[in-house]
2 protein chains.
Amino acid sequence: MATIQDVARAAGVSPMTVSNVINDHPHVKSSTRAKVVKAMEELDYRVNHAARNLRAGRTFTIGLAVPEFDRPFWGHFATRVIEEAAAYNLRVLVEQTGRSKENEINALALSRNRMYDGLILSTVGLSAGDANMLRVDYPVVILGERIFSGPVDHVAMDNVDGAKAATAHLIERGCRRIAAVMGPMGTDPDASSLRYAGYLQALETAAIGSDSSLHVTINEFTLKGGREAVDRLLHAGTHFDGLFCATDTVALGALRALHEAKLRVPEDVKVIGFDNLEEGEYSIPALSTVDPDSTDMARTAVKLLVQRISGESPEREPLEFISSVRVIARGSTAAS
Amino acid sequence: MATIQDVARAAGVSPMTVSNVINDHPHVKSSTRAKVVKAMEELDYRVNHAARNLRAGRTFTIGLAVPEFDRPFWGHFATRVIEEAAAYNLRVLVEQTGRSKENEINALALSRNRMYDGLILSTVGLSAGDANMLRVDYPVVILGERIFSGPVDHVAMDNVDGAKAATAHLIERGCRRIAAVMGPMGTDPDASSLRYAGYLQALETAAIGSDSSLHVTINEFTLKGGREAVDRLLHAGTHFDGLFCATDTVALGALRALHEAKLRVPEDVKVIGFDNLEEGEYSIPALSTVDPDSTDMARTAVKLLVQRISGESPEREPLEFISSVRVIARGSTAAS
DNA sequence: TTGTATGCGTTATCAA
DNA sequence: TTGATAACGCATACAA
């Protein structure tokens, strides 16, 4: 592949002049420029980013590390981040961590290695004990709860409040036996434990006792997980008239299982999810949900990252942004 | 950020020795190694990939450029590619082209610039006229129809055959007025035009005349697009008892619109999509579809790319791999 | 077993 | 207006 040297030789000028042409520097005679351009075309020259980045010390690229691609939530979110980053002329490269601590650390290292100018990292595998991994001196924005002490900006959604509002909505629509489908409870305040806390708070506010048989734990927030949760409830003979699912994807799986069990939604059971996926608008029945305003989260994450990258307010204390949430009522919780 | 030089100085050795330690070279005395490791830890040293790549001439990273993240199909596909690439110790960076020719060319350029060792590129914006863009001398695998003449491997699915089988399935289940929801027909053989061709072939085989009022064109393969297509059919008063949708996502949107119009699926209208998304297994009713075996496509794409990267069979003619398709019958086309 | 010299492709600086 | 030099950080070849 042709280099600047090759072009320079072909055009009979110095490499520096070629560089000046490439970068649109002002003081190049137009006849010289023409020669160089011609040589570039003939040799089909392309800049080598590795070399340019090495020289520039930055890459004009940010990384986005998400747990899983094939969850609609992350697909949507990545699209939003790309849109926001485009406004700053930043390219976004997305990678998958598969929820593993190792891969999350790898993503951090890549950033550190100046492959990216900064990184937006969704932490699932990392726990409070790994906080020192985040004591880094390059731009990072964490997506997730503030479980780290390092000088790192966080962007999160109000999980407790959202779950509380969702549960209160079910109660308001007449439910009294509300099952909660959540992930395993860890020691760190992850989405599951926070949403479960919000659920319990809402029950308490309404003076409805909690019942551990209504708490179903699944290992993955998938369609399959949602189906299995309902199957387990039914198999155990647990009576429930409301279902709060950790995510919309789980809720969509639950809708299917309820349908197969000949339980009507919303007449027999009312269902609400969390995330406001577009898919929920189209399901049958349409899915009530909690909108975490992921557009706002994406915009803020990029904005905070750009601030760190550009060195504005370098002294700024680590910031935590919590996007506001609101319940969106659809058919799955309609009055019956 | 600390460099090899800094570590060398701190450890009282030469930079080369540090490099040897980093890369696990054999001939390093263990006491020296210990000193270096200690210095690396104290300075929190991390390799600079830009420099290493510049030196190595490769990056152990491949690019995957997809049209859109927030389509389940591409989310699934990206996940498969990442799994396959992991077997070759290749990292995958995913970027979005937004279906634009410009971004597709950009992705090519990045690859070219040795940011990636190779690129898997889904072409939507590029057309036959841009074939010369693909006359490149670095590893590229195109996802999509063989509309380019360059020395490039292609991985595609059998769109015609899949569409034909889907339509034949509807006919076999008793449909006679089958609507087709497709994208705009371009001059190049894209997914839409190929699937439409397969649809027409199946009608012809069954000696069913085609009716242009049954051909609905939408601009985006989205849930919204599917809903609008059905609304347009109903608004025009077109009678139909079968619906073949360009993608599962479109079909899911159509299911919703049919439900709102009080048309029963499969009793009044039978619906089939294309892609075999997991979502279709869980919709109500479950969605019949065409499975393009995207796992096989991902595996083949990575395999072909790795062959080109490693320089095996460099003389090999450009290959075209067409994954086989099969109809998966579910509730939306159940006999009624 | 360790170190020196060199170059990967680019661009900033400064001199011509 | 153009060019020589040097440096970004790393690793290969070879010397010591």
Side-chain angles (χ1 to χ4, degrees), chain A residues 1-40 43-61 109-117 137-138, chain B residues 1-40 43-61 109-117 137-138:
Chain A
M1 197 163 311
T3 72
I4 273 194
Q5 323 287 336
D6 302 325
V7 175
R9 212 172 304 121
V13 299
S14 80
M16 206 48 239
T17 300
V18 177
S19 173
N20 286 332
V21 169
I22 293 168
N23 296 290
D24 271 332
H25 281 225
H27 305 299
V28 181
K29 204 164 41 168
S30 63
S31 62
T32 309
R33 178 183 307 276
K35 271 193 304 186
V36 171
V37 167
K38 181 153 166 289
M40 289 201 297
L43 295 173
D44 197 16
Y45 168 82
R46 310 282 160 148
V47 297
N48 178 323
H49 275 217
R52 174 177 280 181
N53 294 343
L54 176 59
R55 205 31 243 219
R58 54 176 301 193
T59 62
F60 302 93
T61 300
L110 253 198
S111 177
R112 181 121 217 210
N113 299 332
R114 322 186 90 152
M115 184 139 180
Y116 308 136
D117 292 342
D137 54 356
Y138 56 89
Chain B
M1 197 163 310
T3 72
I4 272 193
Q5 322 287 336
D6 302 325
V7 175
R9 211 173 303 122
V13 300
S14 79
M16 206 46 243
T17 300
V18 178
S19 174
N20 285 333
V21 171
I22 294 169
N23 297 290
D24 271 332
H25 281 225
H27 305 299
V28 181
K29 205 167 35 171
S30 62
S31 62
T32 310
R33 179 184 306 276
K35 270 194 303 185
V36 170
V37 167
K38 182 153 165 288
M40 288 201 296
L43 296 173
D44 197 15
Y45 168 81
R46 309 284 160 146
V47 295
N48 178 321
H49 274 218
R52 173 178 281 180
N53 294 342
L54 177 60
R55 194 48 233 212
R58 56 174 301 191
T59 62
F60 301 94
T61 300
L110 251 199
S111 179
R112 183 124 213 208
N113 300 332
R114 323 187 86 151
M115 184 138 181
Y116 308 136
D117 292 344
D137 54 357
Y138 56 89

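Everything numeric here is computed off the predicted structure, so don't read it as measured data. First the proteins, then the strands, lettered A, B, ... as listed; each starts at 1.
The minimum heavy-atom distance between Ala10(B) and Ala39(B), with the atom names listed, is CB-CB, 4.1 Å. Contact detail for Val36(B) and Val7(B): the closest heavy-atom pair is O-CG1, 4.1 Å. Summarising the geometry of Val28(B) relative to Arg33(B), their closest heavy-atom pair is CB-NH2, 3.7 Å, with the distance given to 0.1 Å. Closest non-hydrogen pair, Thr3(B) versus Tyr45(B), comes out as C-CE1, 3.5 Å.
Atom pair Arg52(A):CZ and dA12(C):C1' shows a separation of 14 Å (rounding to whole Å applied). At whole-Å resolution of the value, CD1 in Ile4(B) and C1' in dT6(C) are 15 Å apart. If you take OH of Tyr45(A) and C1' of dT11(C), they are 11 Å apart, rounded to a whole angstrom. If you measure from atom CG of Asp6(B) to atom C1' of dC8(D), you get 13 Å, rounded to the nearest angstrom. The CD1-P distance, from Ile22(A) to dT10(C), rounds to 6 Å in whole Å. In this structure, Arg9(A) places its CZ atom 16 Å from C1' of dG3(D), rounding to the nearest Å. Counting to the nearest Å, the P atom of dT1(D) and the NZ atom of Lys35(A) are 14 Å from each other. With rounding to whole Å, Asn48(A) atom CG is found 12 Å from dC8(C) atom P.
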Atom pairs under 3.5 Å, N or O on each side, protein against nucleotides 2-4 of chain C: can you list them with distances?
unit_1, atom_1, unit_2, atom_2, d
dT2(C), OP1, Thr32(B), OG1, 2.2
dT2(C), OP2, Lys29(B), N, 2.8
dG3(C), OP2, Ser14(B), N, 2.9
dG3(C), OP2, Ser14(B), OG, 3.1
dG3(C), OP2, Thr17(B), OG1, 2.6

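Within the 4.5 Å cutoff, no side-chain heavy atoms of Lys35(B) are placed close to those of Thr17(B). No side-chain heavy atom of Val21(A) sits under 4.5 Å from any side-chain heavy atom of Val13(A).
Residues satisfying the salt bridge (Lys or Arg N to Asp or Glu O under 4.0 Å) test with Lys38(B), not counting sequence neighbours, are Glu42(B).
Listed pair Ser19(B) / dA11(D) meets the phosphate criterion, a side-chain N or O lying under 4.0 Å from OP1 or OP2.
Donor-acceptor pairing under 3.5 Å, judged by distance alone, is present between the side chain of Arg55(A) and the base of dT11(C).
Ser14(B) OG to Arg9(B) CZ: the interatomic distance, rounded to the nearest 0.5 Å, is 12.5 Å.
In the helix from dT1(C)-dA16(D) to dA16(C)-dT1(D), the rotation axis of the first five pairs and that of the last five pairs differ in direction by 40°, rounded to 10 degrees.
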